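Below: one structure, written as structure tokens.
The basis for the numbers below is simple: all heavy atoms, side chains too, and nothing from hydrogens, waters or symmetry mates. Just so we're clear, the structure is a prediction, and the values are computed from it rather than from any experiment.
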Amino acid sequence: MRLFTAVLPPPAAVEELAIVVGELRRMPGADGLRWTGRPGWHYTLAFMGEVDEALLPELSGRLARAAHRTPAFPLRVHGGGRFGRRALWAGAAGGLDDMRLLAERSDAAARRAGVPMDEHRRYQAHLTLARGRTDTDLRPFVAELERFKGVRWEVEELALVRSSLPVSGVPGEAPRYETIATWPLGGARPAGG
């Protein structure tokens, strides 16, 4: 299974971001980008790649402990940026230190569970909005995103997400995402409470 841990924005934040993305998609040059859809809007914490199903029990236990040791924290979609001329993303504001800590703990949990992880890099909170099909000037899109300040919400859980890459070969087909487990953060209120 192709897995990663993530923070998933709540529906209100997704709706608000969808309005901004709708405006970005009307800008000159937007048709040269592959836009991610709402199901793909998440803040990846630790990308694990292909994980043997036999590792899931150990991985789940370790991720549960990582979540329990991390307090709930405030977050909002805020601003944006780019990776070179190929990826456009929305940023985050709020409890970024806690989010970085959760990312580091997720990475460590995966490593300790036996998941072969890529080289550890400093965490950069980003939610991918679009990718360039070619070398694209993303600066006008970043300039528009810089003015965006989304609604605040409380991050209360860590999600383990399965990503299924397109296999049909249909142009424009996007990966499918399925949340396979969630764990409450240490300071989160119990469900229904």
Side-chain angles (χ1 to χ4, degrees), residues 2-49 73-100 102-103 106 118 121-179 182:
R2 192 169 188 260
L3 300 176
F4 61 89
T5 55
V7 165
L8 306 176
V14 169
E15 289 301 318
E16 188 179 48
L17 183 58
I19 293 168
V20 174
V21 170
E23 294 169 6
L24 294 173
R25 291 184 76 157
R26 290 190 289 275
M27 291 177 58
D31 56 347
L33 299 172
R34 285 183 325 239
W35 294 87
T36 59
R38 293 179 193 203
W41 290 352
H42 55 262
Y43 290 97
T44 300
L45 297 172
F47 180 75
M48 297 169 212
F73 56 91
L75 199 68
R76 63 185 165 94
V77 182
H78 174 80
R82 61 191 170 96
F83 294 129
R85 297 172 64 92
R86 292 288 191 150
L88 176 68
W89 48 266
L96 295 181
D97 287 341
D98 289 319
M99 192 162 165
R100 192 172 294 112
L102 186 57
S106 295
D118 286 338
R121 288 178 272 171
R122 181 158 169 79
Y123 181 71
Q124 166 70 52
H126 68 281
L127 185 155
T128 302
L129 298 175
R131 289 182 178 82
R133 291 187 177 104
T134 58
D135 198 19
T136 306
D137 184 4
L138 298 173
R139 290 175 298 181
F141 299 96
V142 172
E144 285 299 312
L145 279 169
E146 283 303 317
R147 298 194 307 247
F148 179 62
K149 294 180 181 180
V151 296
R152 180 189 176 279
W153 80 89
E154 194 77 8
V155 176
E156 297 182 335
E157 66 182 18
L158 170 64
L160 181 62
V161 181
R162 179 180 187 171
S163 170
S164 299
L165 296 174
V167 292
S168 69
V170 175
E173 185 181 9
R176 290 186 331 273
Y177 300 99
E178 173 191 5
T179 301
T182 60

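Between the side chain of R76 and the backbone N or O of H78 there is no donor-acceptor pair closer than 3.5 Å. Panel note: side chain T36, backbone L129; a donor-acceptor pair is recorded below 3.5 Å. Using modelled atom types, no side-chain atom of T5 and backbone atom of L160 make a donor-acceptor pair closer than 3.5 Å.
Heavy-atom minimum distance, R86 versus L138: N-CD1, 3.9 Å. Of all heavy-atom pairs between L33 and G132, the closest is CD2-CA, 3.6 Å. When all heavy atoms of T136 and G32 are compared, the closest pair comes out as OG1-O, 4.3 Å. Scanning all heavy atoms of the two residues, the minimum distance from F83 to Q124 falls at CZ-CG, 4.1 Å. The two residues V77 and A90 make their nearest non-hydrogen contact at CG1-CB, 3.7 Å. Scanning both residues, G80 and V142, for their nearest heavy atoms gives O-CG1, 3.9 Å.
For A103, the side-chain contact (heavy atoms from CB on, under 4.5 Å) criterion is met by L45, Y123, not counting sequence neighbours.
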Show which side-chain atoms of residues 7-25 pair as donor or acceptor with protein atoms under 3.5 Å away, not counting sequence neighbours.
{"from": "E15", "atom 1": "OE1", "to": "R38", "atom 2": "NH1", "distance (Å)": "3.2"}
{"from": "E15", "atom 1": "OE2", "to": "R38", "atom 2": "NH1", "distance (Å)": "2.5"}
{"from": "E16", "atom 1": "OE1", "to": "V151", "atom 2": "N", "distance (Å)": "2.7"}

Using the rule given for side chain to side chain contact (heavy atoms under 4.5 Å, CB included), can you reason through R2 versus M48, listing the C-alpha separation, both sets of side-chain angles and the distance that settles it, and then say yes or no? CA-CA 7 Å; R2 192 169 188 260; M48 297 169 212; over 6 Å; no

Please lay out, stage by stage, how E156 and F73 fare under the test side chain to side chain contact (heavy atoms under 4.5 Å, CB included). CA-CA 7 Å; E156 297 182 335; F73 56 91; over 6 Å; no

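With contacts defined as side-chain heavy-atom distances shorter than 4.5 Å, the pair F141/L88 qualifies. At least one side-chain heavy atom of E144 sits under 4.5 Å from a side-chain heavy atom of M27. Residues M99 and L75 meet the side-chain proximity criterion, which asks for heavy atoms closer than 4.5 Å. In this structure, the side chains of L158 and S106 come closer than 4.5 Å at one or more pairs of heavy atoms. R122 has its side chain within reach of R100: a pair of non-hydrogen atoms, C-beta onward, lies under 4.5 Å apart.
Atom CZ of R176 and atom OG of S163 lie 9.0 Å apart (nearest 0.5 Å). To the nearest 0.5 angstrom, T179 atom OG1 is 8.0 Å from E157 atom CD.
Identified under the ring-ring contact (aromatic ring centres under 6.0 Å, His included) test for residues 14-45, with sequence neighbours left out: F4-H42, H42-Y177.
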